[in-house]
Amino acid sequence: MAVTGLLFIGFLLVHMYGNLMILLGPEAFDEYAEHIRTVGEPMIPEKGVLWVLRIGLLASLVLHVWSAVTLWGRAGKARTTRYVMKRPGYGNFYAKAMRWGGLAILLFVIFHLLHLTTHTITFGEPEPTPAGRVLESFSQWWGVLIYVVAMVAVGMHLLHGIWGACMTLGLNTSLKRAEQIRFVSILVSTIIVVGFLIPPFAILLGLVK
Amino acid sequence: MKLALKIWRQDGPKDPGRMTRYDIDGVSEDSSFLEMLDLLNEQLIAKGEEPVAFDSDCREGICGMCGVVINGEAHGPERTTTCQLHMRSFKDGDEIVIEPWRADPFPVIKDLVVDRSAFDRIIQAGGFISANTGSAPDAHATPVPKDDADRAFMAAECIGCGACVAACPNGSGSLFMGAKITHLGELPQGQPERDARVIAMTEEHDHLGFGGCTNLGECTRACPKGIPLNVISQMNADLRHAGYGRR
Ligand code: HEM
Ligand code: SF4
Ligand code: FES
């Protein structure tokens with residue numbers, strides 16, 4: 001879980017960087033989109049690198065979800081009689097949301113692929129270029145809203161996920177370390193959420209044309 | 001003090017059990033939680049009813065026998081054991097819900113008494129050192145750095161009460177296990193069996209049906225000895241070091 005989760009974070013940081021290209025203008029973004037399809041050519045066939053990454057991400061996703069479901073099932077079997085009363089205010093809201101939140105993110109990813117990868121779903125007019133599709137989608141306020149909700153879910157998942165990954169990797173070895181890990185998980189989650197949300201808002205506010 | 005108690009009553013392991021309400025009056029604020037239950041039991045016996053079964057031994061917070069879940073919190077609202085909890089932590093007229101530890105590896109024997117021998121099995125799997133017996137060695141025969149000794153001592157404070165399991169939404173015994181692994185792993189005497197210990201203990205833990213840790217931290221919040229979450233991370237570090245999964 002920890003390893004695949006950290007791979008996702010690496011992916012998200014690269015993806016976020018790619019998205020920020022749109023601030024340099026639609027041409028820069030389209031060039032970038034073209035580039036990720038042609039890296040390594042002619043040594044590597046078109047979309048070769050892209051497909052290796054896609055398969056890697058899919059394999060990580062399967063492992064990540066499989067581990068989560070296993071843990072979920074073990075937890076259910078470890079307490080078949082529930083408490084009549086739960087501790088008032090138990091748990092951090094973001095940590096409690098890992099399971100349902102994770103599933104919600106999975107649904108978002110499927111939606112997102114149908115939207116911007118396969119173009120099965122379009123917001124507004126169909127557009128021929130990647131940048132065109134992004135600009136069209138985020139000039140709708142509700143398009144931005146969907147992505148805001150999704151990114152908040154991702155941020156919550158990361159907030160506990162990074163902490164948990166560090167715990168599992170054995171990095172939390174003192175009270176001071178625990179504070180440092182908390183700090184890093186807040187920092188990285190914030191960077192990812194804010195970084196992903198800059199382009200949609202810039203487009204909505206008409207700063208990118 | 002006047003209190004409304006809602007207590008889990010279960011005649012035996014097979015009985016499905018139920019919550020039963022008891023009203024009790026004349027409880028002193030200075031009595032301990034268990035003394036309050038003693039008072040209830042005296043009244044029940046006088047009325048010819050079956051007293052509420054609960055565990056206790058030392059009643060001074062060191063043996064780990066006495067835990068129950070009070071208003072949804074393992075060992076109740078203070079960071080201490082149930083036996084060291086006092087009625088001044090409650091208000092006159094309060095309703096108090098009392099349940100046994102809920103975890104399938106800790107089956108209920110009767111009322112509030114659970115069988116915690118699953119913890120003994122985890123200890124038997126590896127929570128020990130194989131020392132030569134004989135006369136006690138001199139204290140300075142094996143030097144231990146102060147920081148290591150302090151951390152080992154901190155972890156050794158675990159009294160095996162099981163509150164961590166009771167509080168964990170996953171029903172995991174990781175805090176208990178991490179405490180034992182850190183306690184022995186910080187000391188020179190614990191080194192020869194360190195790798196084998198962590199593997200054997202975690203395998204036994206999983207085999208007994210405890211849940212897996214998702215790093216929520218409810219355990220450390222409930223622990224009467226304040227065992228920190230980092231002992232679980234230490235256990236994971238030891239597991240990785242022992243090459244778990246690679247063999
Ligand atoms: C505001 C947030 C986001 C925006 C604007 C965005 C935008 C995009 C765009 C434009 C593409 C298509 C790229 C192309 O076809 O060249 C894409 C692909 C993708 N995105 Fe996002 N994305 C966002 C958030 C996320 C999040 C949070 C995740 C995962 C948790 C994610 C996962 C993916 C995946 C898996 C792909 C497919 C990569 C592939 O082609 O195999 N995205 N995204
Ligand atoms: S770690 Fe704390 S809560 Fe768990 S058994 Fe030990 S003393 Fe009890
Ligand atoms: S009876 Fe010993 S710790 Fe409470």
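By convention in this document, chain letters (A, B, ...) are assigned in the order of the sequence lines, proteins followed by strands, and residues within each chain are numbered from 1. Here the structure is a predicted model, which means the values were calculated and not measured.
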Which pair of non-hydrogen atoms, one from [X] and one from [Y], has the smallest distance, and what is that distance?
X      : Y      : result
B:P169 : A:A75  : O-CB, 4.3 Å
A:R74  : B:D206 : NH2-OD1, 3.0 Å
B:N170 : A:A78  : O-CB, 3.6 Å
B:V165 : A:R79  : O-NH2, 2.8 Å

Can you tell me which portion of A:L175 sits under 4.5 Å from chain B's heavy atoms? Options are side chain, backbone, both or neither.
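When you check distances to chain B, atoms from both the backbone and side chain of A:L175 fall under 4.5 Å.
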Contact class of A:A178 relative to chain B, heavy atoms under 4.5 angstrom
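For A:A178, there is no contact with chain B at all, as no heavy atom is under 4.5 Å.
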Option in B:A166, B:S172, B:A222 with maximal non-hydrogen atom pairs under 4.5 Å from chain A
B:A166
Heaviest contributor of heavy-atom pairs below 4.5 Å to chain A, chosen from B:C168, B:G211, B:G209, B:S233, is B:S233
Around atom [atom1] of [X], are there more than 12 heavy atoms from other residues, nucleotides or ligands closer than 6.0 Å?
X      : atom1 : result
A:W100 : CH2   : no
A:Q180 : CD    : yes
A:F111 : CZ    : yes

Results of salt bridge (Lys or Arg N to Asp or Glu O under 4.0 Å) for B:E186 - residues two or more places apart only:
B:R151
Nearest 0.5 angstrom please: [X] [atom1] to [Y] [atom2], how far?
X      : Y      : atom1 : atom2 : answer
B:N215 : A:I162 : CG    : CD1   : 13.0 Å
A:C166 : B:N236 : SG    : CG    : 11.5 Å
A:T81  : B:Q10  : OG1   : CD    : 8.0 Å

Given side chains that start at C-beta, do those of [X] and [Y] come closer than 4.5 Å, heavy atoms only?
X      : Y      : value
A:W72  : B:T214 : no
B:Q234 : A:N172 : no
A:M167 : B:L229 : yes

With chain A as the partner chain, list the residues of residues 100-118 of chain B whose heavy atoms fall under 4.5 Å from it, by residue number, and write 'none' if nothing qualifies.
B:P100, B:W101, B:R102, B:A103, B:D104, B:P105
Contact list (residues 69-80 of chain B to chain A, heavy-atom gap under 4.5 Å, by number) returns B:V69, B:N71, B:G72, B:E73
Please list all pairs passing the salt bridge (Lys or Arg N to Asp or Glu O under 4.0 Å) test where one or both residues lie in residues 81-105 of chain A, with sequence neighbours left out.
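Listed by first then second residue: A:R87-B:E218.
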